[in-house]
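For reference, the structure discussed in these notes is given below.
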Amino acid sequence: MPDWLELIIGFFVANVLGYGGGPASIPLMYNEIVTHYGWTTDPQFSNILALGNALPGPIATKIAAFVGYDVLSDAYGPAYGLLGMLLALSATIIPSAVALIFLLKLLQKHRQSPIVKGMTLLVQPVVAIMMVLLTWQMGSISVHSSGIWQSLGIAAVAYWAMERKKIHPAIVICAAFAYGGLVLSHSFA
């Protein structure tokens with residue numbers, strides 16, 4: 001199957017099943033990007049996710065743009081990277097847009113229905129479990145690459161900065177990137 005078709009299918013599947021937006025679609029995108037197609041590795045996906053969270057806008061579109069560009073530019077050359085980005089973005093945006101258009105009227109019509117309320121309540125624990133599993137997986141990668149004490153230290157400083165000092169998460173993520181760059185550049189020197 002051509003890479004461009006895999007891009008469309010992979011991002012379409014992840015986002016058509018990702019009820020609830022970014023938090024629900026991230027584990028599904030991870031499964032397609034890392035596990036199923038092998039477009040990136042676990043550490044690369046962690047970096048893409050961290051960088052995507054530091055930038056404004058929806059996380060799913062940022063992941064799609066980066067991976068789509070990377071996949072087709074690696075396969076066919078840099079000139080095809082833009083096409084890959086557009087294909088992955090389209091496969092990410094179109095399912096949500098179409099579902100929003102068609103289901104909004106249906107949900108408005110039945111919004112007081114106990115069935116609709118029950119469906120929404122039952123999806124929330126599934127999304128929470130998926131996020132816990134993804135957090136566990138990313139934490140395991142962090143512990144493996146930088147050690148338990150350094151990972152716990154970074155987590156403690158990040159918690160302190162965001163919860164106690166009310167520093168914006170994007171600034172904390174950028175500071176962690178800078179710290180990681182300093183540690184890596186020092187370890188290779």
Side-chain angles (χ1 to χ4, degrees), residues 1-104 123 126-142 144-146 168-181 184:
M1 183 180 316
D3 292 329
W4 62 269
L5 188 56
E6 287 179 347
L7 265 178
I8 293 170
I9 292 170
F11 282 99
F12 180 82
V13 166
N15 288 287
V16 79
L17 298 175
Y19 174 80
S25 63
I26 290 171
L28 297 170
M29 291 175 87
Y30 171 85
N31 185 58
E32 293 297 316
I33 293 168
V34 178
T35 308
H36 187 240
Y37 291 107
W39 291 324
T40 66
T41 63
D42 282 332
Q44 288 171 332
F45 187 81
S46 297
N47 290 337
I48 293 167
L49 184 60
L51 183 59
N53 275 322
L55 297 171
I59 185 71
T61 55
K62 292 178 280 191
I63 292 172
F66 181 85
V67 173
Y69 182 89
D70 198 44
V71 168
L72 284 194
S73 66
D74 285 351
Y76 303 108
Y80 288 90
L82 185 59
L83 175 63
M85 181 182 72
L86 292 173
L87 290 173
L89 278 171
S90 296
T92 300
I93 295 169
I94 290 174
S96 299
V98 169
L100 183 66
I101 291 167
F102 287 116
L103 295 178
L104 191 58
V123 169
V126 173
V127 171
I129 290 169
M130 290 169 63
M131 290 304 295
V132 166
L133 290 174
L134 184 64
T135 302
W136 180 262
Q137 201 165 25
M138 296 298 136
S140 298
I141 293 166
S142 174
H144 179 70
S145 65
S146 61
H168 193 276
I171 296 170
V172 174
I173 291 169
C174 289
F177 269 143
Y179 175 76
L184 283 177

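These numbers come from the heavy atoms of this one structure, side chains and all, not from hydrogens, waters or symmetry mates.
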Sub-4.5 Å side-chain heavy-atom contact between K62 and L51
no
Would you call M29 and N15 a side-chain contact if the rule is heavy atoms closer than 4.5 Å?
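In short, these two side chains touch, coming nearer than 4.5 Å.
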Under the side-chain contact (heavy atoms from CB on, under 4.5 Å) test, residues paired with [X] that sit two or more places apart:
{"X": "I101", "value": "none"}
{"X": "S90", "value": "I94"}
{"X": "T41", "value": "P43, Q44"}
{"X": "V13", "value": "I9, L17, E32"}

Kindly compute the distance separating [atom1] ([X]) from [atom2] ([Y]), expressed to the nearest 0.5 Å.
{"X": "D42", "Y": "N47", "atom1": "CG", "atom2": "CG", "answer": "11.0 Å"}
{"X": "N31", "Y": "I26", "atom1": "CG", "atom2": "CD1", "answer": "14.0 Å"}
{"X": "N53", "Y": "I48", "atom1": "CG", "atom2": "CD1", "answer": "12.0 Å"}
{"X": "I93", "Y": "F11", "atom1": "CD1", "atom2": "CZ", "answer": "11.5 Å"}
{"X": "I8", "Y": "D3", "atom1": "CD1", "atom2": "CG", "answer": "11.5 Å"}

Which atoms form the tightest heavy-atom contact between [X] and [Y], and what is the distance?
{"X": "T40", "Y": "F45", "value": "OG1-CB, 3.9 Å"}
{"X": "W39", "Y": "E6", "value": "CH2-O, 3.5 Å"}
{"X": "G10", "Y": "Y37", "value": "CA-CE1, 3.7 Å"}
{"X": "I59", "Y": "G52", "value": "CD1-C, 3.3 Å"}
{"X": "S46", "Y": "M138", "value": "OG-SD, 2.7 Å"}

Show me the side-chain donor-acceptor pairs of residues 66-83 shorter than 3.5 Å, one per line, residues at least two apart or across chains.
unit_1: S73; atom_1: OG; unit_2: Y69; atom_2: O; d: 2.8
unit_1: S73; atom_1: OG; unit_2: D70; atom_2: O; d: 3.3

Enumerate the residue pairs fulfilling side chain to side chain donor-acceptor pair (under 3.5 Å) with a member in residues 128-139, sequence neighbours excluded, ordered by first and then second residue.
Y30-Q137
